[in-house]
Amino acid sequence: MKFYQASALLVAAATLCIAHPERLTTESAKRELIGRGTDNCAAQIEARKADMLSKRSASLRKRQVANGKLFSKREELQYTTIQNDTCVLAPDTIFGPYAIDEEIFRHDLREGQSGVDLYLDIGVIDVETCEPLPNAYLTIWHCNATGSYSGFTGINPQTSELLDGWTKQDDGTTDEETFLRGIMSTDTNGMAEFLTIFPGYYVTRSTHIHLTVQTNVTTSSSYSAASVQHIGQLFFNESMINSVYELDPYAQHLLTLNRTTNSEDKLYTSANADGYSSVISVTKLGADLADGLVGYITVGVNSSAAALTTSGESVNPMGVIPTVSVASSVRAAATIVDVAAGYGAA
């Protein structure tokens, strides 16, 4: 991995005093955002809801296939249109210390990681037109079932410090792993789907998934080539978290580190205040949690808003986001399941 080179931008930040340095700024919490409570796009979203519900049962049955490992892409989507649960740009967070630029464009992020399969369907709507937003590039990343992020597996999830015997590379990463990270673009209905696992957790943070949205990608999804309209985090309700964490390997991790709950996580509180909602709706694929889950959330984006900063002290402790340098053999291995199922690489 290498640095993404950009001039530093100094931003006055209101710092949250936690060991894991993910911070909100006063400006980002107010920048041209529309809370769900304003019902700005409620009528348009509600009109699509009936169509979504009519297809929901059929789609779910298709997904309940023996051992449920991979399904064909768009016709198998749990949700094919925008539903009426909208996270309309809840206050922006920063990238956090585990962000990486130029992720792999792919649907299946698992790379053999243990955990409960999660199909994450994300609908994107333009808050200026209240219409689905096609060709928006969504990047997500999250930790594995025991709290480790790819690219940073040398960081101890219990302390956020280096594990014994590990060293950091110049860009702050510890390794070249790529699991549980990736990019997908929305289709004509404003929908994108990822296949990942239900995330674990690490010290000071509740269970979450990081998300960025770019609406003007042309030749490259690099943050330097296409501006970012949203940097956010997605969460799960406590009852779902507790149920999943009764299963291994999550249960084993609970024996080693007490879990920070949503109510104890300052970023969760900020992302779900003042009418905002950043909680993913989750449904079981089969009779048991172990059969897998499907999650849905709608994200509203102001596609004409000024770009968010991707460098400087408000971004992460390094001030820059490391850039992935993935060998073609590694990229091919990471996307082999997608290619077999008809998902083309970008």
Side-chain angles (χ1 to χ4, degrees), residues 48-85 87 106-124 138 140-146 179-182 184 186-187 189-201 207-209 211 234-251 253 277-299 335-338 340-343:
R48 299 186 187 97
K49 185 179 180 182
D51 180 56
M52 180 276 294
L53 290 174
S54 70
K55 298 175 181 177
R56 186 173 187 275
S57 296
S59 296
L60 184 57
R61 283 195 295 271
K62 288 180 181 179
R63 282 174 170 241
Q64 292 170 341
V65 180
N67 82 12
K69 290 301 179 185
L70 187 69
F71 305 90
S72 59
K73 47 180 180 178
R74 289 298 168 233
E75 67 270 26
E76 300 280 344
L77 271 171
Q78 165 69 19
Y79 298 96
T80 56
T81 55
I82 304 296
Q83 75 159 0
N84 197 29
D85 283 315
C87 163
R106 56 177 171 175
H107 162 257
D108 190 339
L109 315 183
R110 296 172 299 173
E111 292 190 32
Q113 289 292 306
S114 299
V116 175
D117 286 347
L118 171 65
Y119 285 84
L120 179 57
D121 295 343
I122 301 175
V124 181
L138 312 182
I140 71 168
W141 67 99
H142 63 83
C143 68
N144 65 10
T146 55
F179 59 81
L180 307 182
R181 299 178 177 274
M184 285 293 289
T186 56
D187 63 12
N189 293 317
M191 298 295 303
E193 180 189 76
F194 294 93
L195 172 54
T196 184
I197 65 167
F198 194 89
Y201 67 97
T207 306
H208 64 280
I209 294 175
L211 166 73
L234 310 178
F235 298 87
F236 301 85
N237 68 47
E238 282 289 322
S239 60
M240 179 57 66
I241 295 171
N242 289 332
S243 295
V244 172
Y245 286 2
E246 291 179 359
L247 306 176
D248 285 332
Y250 306 97
H253 187 44
S277 177
S278 58
V279 177
I280 299 167
S281 299
V282 179
T283 304
K284 291 189 295 185
L285 284 177
D288 301 315
L289 286 172
D291 294 332
L293 301 166
V294 58
Y296 179 91
I297 194 165
T298 305
V299 178
T335 58
I336 190 169
V337 178
D338 279 0
Y343 283 87

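Nearest heavy atoms, Asp338 versus Asp108: OD1-N, 3.1 Å. Residue Ser278 comes nearest to Ile297 through the heavy atom pair C-CD1, 3.7 Å, listed as atom of the first residue, atom of the second, then distance. His208 and His142 get closest at one heavy-atom pair: O-CB, 3.7 Å. What you find for Thr207 and Pro199 is that their closest heavy atoms are CG2-O, 3.6 Å. Heavy atoms only, all atoms of each residue included: Ser114 and Ala145 are closest at O-CB, 3.6 Å. Closest approach of Leu180 to Thr196, counting heavy atoms only: CD2-OG1, 3.4 Å.
Looking at residues two or more places apart in sequence or on another chain, you find a ring pair (Phe, Tyr, Trp, His ring centres under 6.0 Å) between Tyr250 and Tyr245. Taking Arg181 as the reference, Glu103, Ser150 meet the side-chain hydrogen bond (donor to acceptor under 3.5 Å, both in side chains) condition, with sequence neighbours excluded.
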Audit row: Val244, Leu293, side chain to side chain contact (heavy atoms under 4.5 Å, CB included) steps and yes/no: CA-CA 10 Å; Val244 172; Leu293 301 166; 4.0 Å; yes
Side chain to side chain contact (heavy atoms under 4.5 Å, CB included) evaluation trace for Tyr119 with Leu285: CA-CA 9 Å; Tyr119 285 84; Leu285 284 177; 3.9 Å; yes
Test side chain to side chain contact (heavy atoms under 4.5 Å, CB included) applied to Met184 and His107, step by step: CA-CA 6 Å; Met184 285 293 289; His107 162 257; 4.1 Å; yes
Verdict with reasoning, Leu289 to Phe198, per side chain to side chain contact (heavy atoms under 4.5 Å, CB included): CA-CA 11 Å; Leu289 286 172; Phe198 194 89; over 6 Å; no
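When atom types are taken as modelled, the side chain of Asp291 and the backbone of Asp288 share a donor-acceptor pair closer than 3.5 angstrom. Side-chain atoms of Asp121 never come within 3.5 Å of backbone atoms of Tyr296 as a donor-acceptor pair (strictly under, hydrogens ignored).
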